[in-house]
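Here is the structure we will look at.
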Amino acid sequence: MNTEHNISWKNRKLNRGKVDSGLTHECGVFAAIGNESWENSTEIAQIVMIGLQALQHRGQESTGIVTSEGHNEFNVEKGMGLVKNVFTNESISRLTGTMGIGHTRYSTSAKSTAINAQPFVVHSMHGSLAVAHNGELVNSAALRKQVLDRGVGLSTHSDSELITQALCLIPPEGEVNGPDWPARIRHLMQLAPLSYSLVIMLKDKIYAVRDPYGNRPLCLGKILASTNEMVNGYSDVIVNRINDMEKPADGWVVASESCAFMKITSYSREILPGEILELTKKGPRTVDVIPTPEGRNLAFCIFEYVYFARPTSIFEGQEVYNVRVHCGRQLALEHPVEADIVGSVPESGNAAAFGYSLESKIPQGELLAKNSYVGRTFIQPSNRLRQMNVALKFSPIQTNVKGKRVILIDDSIVRGNTVGPIIKLLRKAGAREVHIRIASPPLKYPCYMGINIPTREELIANAKDFEDIALKVGADSLYYLSVEGLKRAVQKDLKITDRKNGHCAACLTGDYPGGLPEELEW
Ligand SMILES: O=P(O)(O)OC[C@H]1O[C@H](OP(=O)(O)OP(=O)(O)O)[C@H](O)[C@@H]1O
Ligand SMILES: NC(=O)CC[C@H](N)C(=O)O
Ligand code: SF4
Ligand SMILES: [Mg+2]
């Protein structure tokens, strides 16, 4: 279904964080809970903090950690900025507990300000509740009205606060013996089927929840048992890691991506789409799995594979890097060209360049050195500044470029602010020909599920002269991977076989997994 003609385009003006290139990410959530013998200390908070640092690529605007010591007074530390700047020895020392949840935010639904920093904490009739959310509710306007109609006041415009308050609603079937949290979560899932991965903390347990479409990722890991002993000269954590399957866990962790499980924690499995997983000191237990609505397919965000996730993360039983290599291979099959060298726009284009080289047998080499100290590219008011910024970020490597016919691979083109200036740099460095190959299809439509996609006019794929894009950016040729090609690459080694129709690609096709949102604003 192509919805091009059904969509009315409006610009969103929500003061969300704005950048000059790429897509902005989508929040990271992390949770940790110790087993029965876990002591009340700051160790959980530190595990959460390290996990959040590993998820920093998913959001850099604000961050927060909330811990529980088993009673209703939670410890809360939140602030604007990066994990390494917000959490100090002093703030961590206030985060004692035996369980905790954390969040790194890229705003999608409300301003990037301290008041919207997550996790959100509310004090309900049945104790404290903390929630960290990755995603965006497609029906937040309707849900907001429903929650307000029930006499609840909201203090922000954040859909994540809305989720927190909706969880305080008594479910329609009522509650006999105190709060029935799984029923409340099920109720939320009926009220709002898309899109979220959530960690929800009560005083003595954590729920990890993925929406019934499985749109945003979430996975479970173990805190490996440690006794500070050495076994045959190796730390017991290493030995336990090897024997991970048989060893009891010291606790459990939940994260947006498995790249957040490091050294003392290990990956166990994905949280299933629609799963409500309860974690207590005794361990994890699946309480329920809510099916995808009738007639709808699973809709895991395909852009997690293309660009968002770290290459070492595992989704649907496969490593992201491997999928990116397949995308590169597929791109070489779809759009071959004679050349001397193939390279990438670092970093997220690296794996696809490797794949293109493997398939085409054209040698791979580095074409650009990246200055890793240059931070985010904020909206630049002029082309000159944009050009300078790209030149500051990337320097051409003369040895590999001068006199050569080069193929430059990138994972995506969004506004086109990166590719044009890079081509100029390569030509200035003596490239004979520059062929651009993009390892994903043209990005044309908005995302309502937690990704900040620029306005319609800003997306280069919607430009009137898009047919002439190669000419416009100064390339000898420029081609994109097809939608079918991307899906083939994602599904090639898919370990979970019933996911063949399981991916959202709405920003590429206009085909929205849950239908079009009731009020379309873009
Ligand atoms: O067309 P544009 O709007 O210029 O955006 C596209 C670029 O932005 C992203 O890279 P980014 O620099 O964000 O980070 P990366 O190092 O992860 O590739 C993406 O990988 C492209 O290179
Ligand atoms: N990027 C996200 O997942 C954002 C979560 C939530 N919608 C917020 O704006 O805070
Ligand atoms: S519309 Fe695009 S970015 Fe949004 S969830 Fe779907 S695939 Fe991901
Ligand atoms: Mg890039």
Side-chain angles (χ1 to χ4, degrees), residues 14 16-17 19-29 57-59 61-62 103-112 116-120 131-138 140 156-163 194-198 213 215-216 256 299-311 344-350 352 370 372 374-377 386 389-390 393-394 408-422 438-440 443-454 458-461 473 486 503-514:
L14 293 169
R16 307 186 299 186
V19 288
D20 211 24
S21 73
L23 292 178
T24 37
H25 287 236
E26 25 151 17
C27 298
V29 300
H57 60 287
R58 296 182 75 87
E61 293 177 359
S62 59
H103 190 265
T104 64
R105 179 169 192 239
Y106 186 84
S107 52
T108 63
S109 88
K111 282 184 194 173
S112 176
N116 293 318
Q118 300 194 39
F120 276 99
V131 174
H133 167 217
N134 167 212
E136 188 171 6
L137 296 186
V138 293
S140 63
T156 71
H157 291 280
S158 161
D159 58 349
S160 313
E161 189 205 1
L162 189 58
I163 289 176
L194 258 177
S195 118
Y196 42 86
S197 278
L198 301 169
Y213 289 83
N215 181 249
R216 305 259 61 100
S256 295
F300 179 55
C301 170
I302 213 159
F303 248 81
E304 291 283 353
Y305 283 119
V306 171
Y307 169 70
F308 297 133
R310 296 288 301 155
S344 67
V345 180
E347 291 175 6
S348 45
N350 295 355
K370 188 173 177 178
S372 46
V374 179
R376 280 220 343 245
T377 335
R386 275 199 276 273
N389 211 70
V390 170
K393 208 164 163 183
F394 303 106
L408 184 70
I409 311 278
D410 204 353
D411 57 273
S412 55
I413 298 184
V414 184
R415 297 173 185 79
N417 286 343
T418 307
V419 68
I422 284 183
I438 304 298
S440 68
L443 199 90
K444 292 186 186 166
Y445 302 94
C447 174
Y448 300 98
M449 290 150 281
I451 309 303
N452 191 8
I453 288 188
E458 282 176 285
L459 287 180
I460 197 166
V473 297
L486 172 60
H503 297 100
C504 174
C507 50
L508 313 171
T509 61
D511 188 359
Y512 289 87

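Counting convention: from 1, in listed order, for ligands and their atoms alike. For clarity, every value in this text was computed on a predicted model and none was experimentally measured.
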Practice item. May I ask whether Gly349 has any heavy atom positioned less than 4.0 angstrom from an atom of ligand 1? Key: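 For ligand 1, residue contact (heavy atoms, under 4.0 Å) with Gly349 is absent.
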Practice item. Look at ligand 1 and say whether His57 reaches it with a heavy atom at a distance under 4.0 Å. Key: no
Study note, to complete from the structure: Within 4.0 Å of some non-hydrogen atom of Ile413, the atoms of ligand 1 are 1 (O)
Exercise for review: Under 4.0 Å from a heavy atom of Asp411: give me the atoms of ligand 1 that qualify, with their elements.
Suggested key: 19 (C), 20 (O)
Answer yes or no: does an N/O atom from [X] fall short of 3.5 Å to an N/O atom of ligand 2?
{"X": "Tyr106", "answer": "yes"}
{"X": "Asp159", "answer": "yes"}
{"X": "Ser158", "answer": "no"}
{"X": "Arg105", "answer": "yes"}

Review point. Which part of Leu508 is near ligand 3, with near meaning a heavy atom under 4.0 Å away: side chain, backbone, both or neither?
Key: neither
**Study point:** Pair Tyr512 and Tyr445, ring centroids less than 6.0 Å apart
**Key:**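 Between Tyr512 and Tyr445, the centre distance exceeds or equals 6.0 Å.
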Review point. Side chains of Asn350 and Ser344: is there a donor and an acceptor less than 3.5 Å apart?
Key: yes
Practice item. Ignoring hydrogens and angles, state whether a donor on the side chain of Asp159 or Ser109 is under 3.5 Å from an acceptor on the partner side chain. Key: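 Side chains of Asp159 and Ser109: pair found under 3.5 Å.
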Check your understanding: Has the side chain of Ser256 got a donor or acceptor atom that lies under 3.5 Å from a matching backbone atom of Val29?
Key -> yes
Exercise for review: Measure from the side-chain N and O atoms of His103 to the backbone N and O of Ala117, and report whether any donor-acceptor pair falls under 3.5 Å.
Suggested key: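 No, His103 side chain to Ala117 backbone: no donor-acceptor pair under 3.5 Å.
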Review point. Between Ala110, Gly59, Ser256, Cys27, which one has a non-hydrogen atom sitting closest to atom 4 (C) of ligand 2?
Key: Cys27
Review point. Who gets closest to atom 17 (O) of ligand 1 by heavy atom: Gly416, Ser348, Ser440?
Key: Ser348
Point to revise | Cys447 near atom 4 (Fe) of ligand 3: N/O/S under 2.8 Å | key: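 Given the 2.8 Å cut-off, Cys447 counts as a ligand of atom 4 (Fe) of ligand 3.
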Review point. How long is the gap from CG on Asn134 to CG on Leu198, to the nearest 0.5 Å?
Key: 9.0 Å
Revision key, fill the gap. dist Tyr196:OH -> Glu136:CD (nearest 0.5 Å) comes out at 14.0 Å
How does [X] reach ligand 1, if at all, at less than 4.0 Å between non-hydrogen atoms: by side chain, backbone, both, or neither?
{"X": "Asp410", "answer": "side chain"}
{"X": "Ser412", "answer": "both"}
{"X": "Thr418", "answer": "both"}

Can you find a pair of side-chain heavy atoms, one from [X] and one from [Y], that are under 4.5 Å apart?
{"X": "Phe394", "Y": "Pro421", "result": "no"}
{"X": "Cys504", "Y": "Tyr213", "result": "no"}
{"X": "Leu194", "Y": "Tyr448", "result": "no"}

Review point. Of the backbone atoms (N, CA, C, O) and the side-chain heavy atoms from C-beta on, which set of Thr108 has a member under 4.0 Å from an atom of ligand 2: side chain, backbone, both, or neither?
Key: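 Thr108 to ligand 2: contacts from backbone and side chain alike.
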Exercise for review: Would you mind running through ligand 2 and noting each atom that sits below 4.0 Å from a heavy atom of Gly135?
Suggested key: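 Numbered from 1, ligand 2 contributes 2 (C), 3 (O), 4 (C), 5 (C), 6 (C), 7 (N).
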Check your understanding: Does ligand 2 have an atom under 4.0 Å from some heavy atom of Gln118?
Key -> yes
Point to revise | Lys/Arg N to Asp/Glu carboxylate O, Arg58 vs Glu304, below 4.0 Å | key: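 A salt bridge links Arg58 with Glu304.
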